[in-house]
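See below for the structure under consideration.
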Protein chains: 2
Amino acid sequence: MNKPVQQRTLKTRARLIDAANAVVAEAGFDALRVEQVVAGAGVAKGTFFAHFKDKDALMDLLIGARIDSYLDQIESAPTPRDVDDLIETLMPLLNFMTCERYVFDVILRLSGAAAVEQIGAIAMTFERHAQVVAKWLADGPFRTDVSPELLAEGVHAFSIQAMALKFCALHNSQTLTENLRPYLRAWLMPQPAS
Amino acid sequence: MNKPVQQRTLKTRARLIDAANAVVAEAGFDALRVEQVVAGAGVAKGTFFAHFKDKDALMDLLIGARIDSYLDQIESAPTPRDVDDLIETLMPLLNFMTCERYVFDVILRLSGAAAVEQIGAIAMTFERHAQVVAKWLADGPFRTDVSPELLAEGVHAFSIQAMALKFCALHNSQTLTENLRPYLRAWLMPQPAS
DNA sequence: GCCAATAAGTGACCGCGGTCAATTTTGGAG
DNA sequence: CTCCAAAATTGACCGCGGTCACTTATTGGC
């Protein structure tokens with residue numbers, strides 16, 4: 001039984017990821033060029049694509065890792081007591097997801113995997129996000145006529161909506177928080193007329 | 001005062017759009033190549049970009065026009081009496097928006113204009129969509145504790161969510177309609193526990 | 001009808017993501 | 001140690017969106 005993966009492979013992969021992180025730190029995600037990454041890692045272009053299916057796969061890794069670290073923070077935060085509390089807890093993540101237009105686009109594009117066998121880091125974080133939020137919503141002072149899972153999916157949908165508005169010239173006069181609050185109030189604590 | 005736009009310009013533009021529509025009819029939006037469009041129109045590549053800022057601008061026009069025609073149908077439909085009725089009325093539009101993964105991506109990307117002066121066709125249709133739905137929701141048997149405008153934005157957010165799930169391997173076992181129904185029931189007709 | 005001034009059109013060229021046949025490196029079998 | 005098949009790497013090449021200095025057509029003033 002062969003050692004299935006060589007040491008060299010791991011080293012090259014690490015060099016590519018390090019180089020990519022350096023480029024991102026320097027110039028942001030949108031400015032990342034594959035040629036720059038391979039130059040920084042000291043390998044040929046083809047090597048990059050032997051390690052990553054395409055540029056999106058690298059972005060999935062880089063962005064997914066950061067989302068995951070935000071989720072770590074979120075998971076260790078206390079259960080929010082109301083909508084404002086919930087929003088405040090989510091804000092670091094939402095701010096990261098909208099730090100660049102390009103980042104938001106990549107996240108939307110990769111948040112659903114086309115096939116089960118190619119679920120990426122970002123798609124995983126979305127599952128995790130839903131679970132964390134659902135657990136909160138089951139405990140909190142929110143509506144109980146629908147399942148916490150459905151509520152969490154709604155929080156997700158409205159977060160996407162609010163983030164999209166941030167990039168829209170017609171609606172970006174309000175902050176993300178201000179956009180999100182009325183949605184979540186109406187979603188989580190409805191007061192329908194009798 | 002000069003005639004600001006020449007006849008030739010309109011003719012070339014029309015030829016480009018015709019050629020683009022022919023390509024789309026033949027092979028779909030995703031397969032459209034600028035080189036194929038200019039070949040079909042009998043002009044040089046540079047001419048294309050004198051008429052459209054980029055390929056997305058052409059897509060905005062083509063896709064926006066189709067969305068608009070679906071909105072015409074929707075607008076002339078009777079006010080929906082319940083959630084299922086609403087979904088059925090919206091379905092032709094939602095089906096078109098998810099006819100190709102590429103089309104959905106373009107719509108998401110162009111649904112918010114980065115600057116007011118460059119609001120495109122798709123962004124316009126989203127405004128129109130919100131107005132049509134808001135008018136319906138004001139009349140129908142739906143919750144009244146929040147404004148019809150906010151309700152309409154929610155319908156939009158959940159529609160996007162349901163469409164995204166259609167492209168997601170983890171959640172595409174249900175149809176778009178089945179995904180959308182529980183969201184809209186919970187959003188438009190909440191029954192919170194007393 | 002002629003002549004600038006301006007608008008429209010051209011195509012060679014570039015940037016960058018992605019491919020692949022050829023080459024080098026690796027690690028275990030004999 | 002030698003050999004070799006699989007794994008890793010290479011870099012020339014391609015596809016395609018987008019640019020721009022230059023050419024060609026149009027139009028209003030004389």
Side-chain angles (χ1 to χ4, degrees), chain A residues 1-20 23-24 26-63 102-103 105-106 109-110 114 118 120, chain B residues 1-20 23-24 26-63 100-103 105-106 109-110 114 118 120:
Chain A
M1 196 183 216
N2 299 356
K3 196 187 293 182
V5 56
Q6 304 180 0
Q7 287 301 320
R8 184 171 49 149
T9 308
L10 297 175
K11 209 157 193 169
T12 304
R13 189 184 165 88
R15 293 241 305 284
L16 283 167
I17 293 171
D18 285 349
V23 173
V24 169
E26 181 79 23
F29 289 92
D30 186 43
L32 184 142
R33 297 285 169 270
V34 172
E35 307 214 2
Q36 209 176 344
V37 171
V38 297
V43 299
K45 205 179 197 177
T47 302
F48 180 94
F49 293 98
H51 286 263
F52 303 100
K53 181 181 163 290
D54 52 24
K55 185 178 163 179
D56 270 358
L58 172 65
M59 287 299 175
D60 189 62
L61 203 76
L62 299 183
I63 294 174
Y102 172 73
V103 169
D105 283 346
V106 170
R109 188 149 19 92
L110 303 183
Q118 57 182 352
Chain B
M1 197 181 212
N2 298 356
K3 194 187 294 182
V5 56
Q6 303 182 2
Q7 288 301 319
R8 186 172 47 149
T9 307
L10 297 176
K11 210 156 194 172
T12 302
R13 189 185 166 88
R15 293 239 305 285
L16 283 167
I17 293 171
D18 286 348
V23 173
V24 169
E26 181 80 22
F29 289 92
D30 186 44
L32 184 142
R33 298 285 169 269
V34 171
E35 307 213 3
Q36 208 176 346
V37 171
V38 298
V43 299
K45 205 179 196 176
T47 303
F48 179 94
F49 293 97
H51 286 262
F52 302 100
K53 180 181 165 294
D54 51 25
K55 187 178 163 178
D56 271 358
L58 172 66
M59 287 299 173
D60 189 64
L61 203 76
L62 299 183
I63 294 173
E100 296 177 34
R101 175 69 208 242
Y102 172 72
V103 169
D105 282 347
V106 169
R109 188 150 18 94
L110 303 182
Q118 58 182 353

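Please read these numbers as outputs of a predicted model, since none were measured by experiment. Throughout, a chain's letter reflects where its sequence line sits, starting with A, and its residues are numbered from 1.
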Where the side chain of Glu100(B) meets the backbone of Gly28(B), is there a donor-acceptor pair that is under 3.5 Å apart?
->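 The answer is no, because no donor-acceptor pair under 3.5 Å joins these two groups.
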Is the backbone N or O of Val23(B) less than 3.5 Å from a side-chain atom of Gln36(B), with the two atoms forming a donor-acceptor pair by type?
-> no
Could you walk me through whether His51(B) and Ile17(B) pass the side-chain contact (heavy atoms from CB on, under 4.5 Å) check?
-> CA-CA 10 Å; His51(B) 286 262; Ile17(B) 293 171; over 6 Å; no
Taking all heavy atoms of Met59(A) and all of Phe29(A), pick out the closest pair and write down the distance.
->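 Residues Met59(A) and Phe29(A), closest heavy atoms: CE-O, 3.5 Å.
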Minimal non-hydrogen separation, Leu16(A) against Ala41(A), with atom names = CD2-CB, 3.8 Å
Treat primed atoms plus P, OP1 and OP2 as sugar-phosphate and everything else as base, then score nucleotides 10-20 of chain C 5' to 3': B for base contact with protein heavy atoms under 4.0 Å, S for sugar-phosphate contact only, - for none.
-> BB----SBBBB
Can you tell me how far [atom2] of [N] sits from [atom1] of [X], to the nearest Å?
X: His51(B); N: dA8(C); atom1: NE2; atom2: P; answer: 8 Å
X: Phe52(B); N: dT19(D); atom1: CZ; atom2: P; answer: 15 Å
X: Lys11(B); N: dG9(C); atom1: NZ; atom2: C1'; answer: 16 Å

d(Asp56(A) CG, Asp105(A) CG) to nearest 0.5 Å is 10.5 Å
For Thr9(B) and dA7(C), is the shortest distance between a side-chain N/O and OP1 or OP2 below 4.0 Å?
-> no
